[in-house]
Participant: 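Quick one: the structure is below, questions incoming.
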Amino acid sequence: MKIISTISDLRRELAAFRSRGERIGLVPTMGALHEGHLTLVRRSLAQTDRTVVSIFVNPKQFGPGEDFARYPRNLKADSELLSASGADIVFAPEVDEMYPAGFSLSVTVAGVSNGMEGARRPGHFTGVATVVTRLFCLVLPDAAFFGEKDGQQLAVIQRLATDLGLPLTIVPVPTVREADGLALSSRNLYLSPGEREKAPHLYRSLLTGAELFAKGCREASEILVAVRASLENEPSFRLDALDLVDLETMEPLTLLDRPAMLAMAAFLGKTRLIDNVRLR
Ligand code: PAF
């Protein structure tokens, strides 16, 4: 496995792969890798010939007062995990390699970025779409792999790839969970042992909604009331957002007559956890 920090070295390696007709998979990450990321890597290894994992804590997607400075960074541990997993290239550029002086591109995917996390974290999805567009252009992958845990991000990137007409497949990968249901996330590292014990309650509350749906309920308001009530059973959580939206457009739904995503964000102490389930 090669660890590369410059675009010129990346291009040289990728050209060699392409000259042999090898298909390239891209797994974009911000590091602090866990089993969820490694699942994306394994999917890429299975579906393509060469796997590039980018590790870049993207300043453009963090708002003022968010956790950019304290976001966990550990290139050495991440590289060891990736080397053991069989990835071919780690692309870990510095900020001025990704955004050199004068960099002015800003990619906004309107509509799908506007609600939910987009409304609560202004500029977040523009930051994500800008870095992902840049990574797509640098790597020119045949397939790129994203987790369903960041459900709105996935919808934004699917729309981005469609609208740019890129010849690549976006592969959604189901959320990986701990045995107790907690969705894997780099931010779980912020939880104290007591908070960690309570954390799976978020997913259990979402499952309350999924169970109602499975029993035939199609009224969004009924499902939202039940999920909110379930979360409130654990007073350590402070609900930040609860949405039931069209899976593709991220528009709020009142009637569940198409594939939907039930998404929640809640604070546990100072840590903001997000999770979602798909209702089809
Ligand atoms: O999901 C993430 O880790 C990031 O948002 C991504 C897609 C790597 C872009 O920085």
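Whatever order the structure lists ligands and atoms in, that order sets their numbers, starting from 1.
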Participant: Please report which non-hydrogen protein atom sits nearest to atom 3 (O) of ligand 1, along with the residue it belongs to and the distance in Å to one decimal place.
Facilitator: M30 CG, 3.6 Å
Participant: Are R73 and D78 close enough for a salt bridge, meaning some N to O gap below 4.0 Å?
Facilitator: no
Participant: Heavy-atom contacts under 4.0 Å between T29 and ligand 1: side chain, backbone, both, or neither?
Facilitator: backbone
Participant: Using a strict 4.0 Å cut-off to heavy atoms of P28, name the atoms of ligand 1 that fall inside it.
Facilitator: 8 (C)
Participant: What are the atoms of ligand 1, with element, lying closer than 4.0 Å to any heavy atom of Q153?
Facilitator: 1 (O), 2 (C), 4 (C), 5 (O), 7 (C)
Participant: Should the pair K60 and Y99 be classed as cation-pi, given the thresholds of under 6.0 Å to the six-membered ring centre and 45° from the axis?
Facilitator: yes
Participant: Taking 4.0 angstrom as the limit and counting only heavy atoms of V131, give me the atoms of ligand 1 inside it, by number and element.
Facilitator: 9 (C), 10 (O)
Participant: Regarding E117 and R272, does a basic nitrogen lie under 4.0 Å from an acidic carboxylate oxygen?
Facilitator: yes
Participant: Counting the benzene-type ring for Trp, do F91 and F56 have ring centres under 6.0 Å apart?
Facilitator: no
Participant: Looking at every non-hydrogen atom in both residues, tell me the closest pair between R228 and L242 and how far apart they are.
Facilitator: N-CD2, 3.9 Å
Participant: Checking the N or O distance criterion of under 3.5 Å, is ligand 1 in contact with Q61?
Facilitator: yes
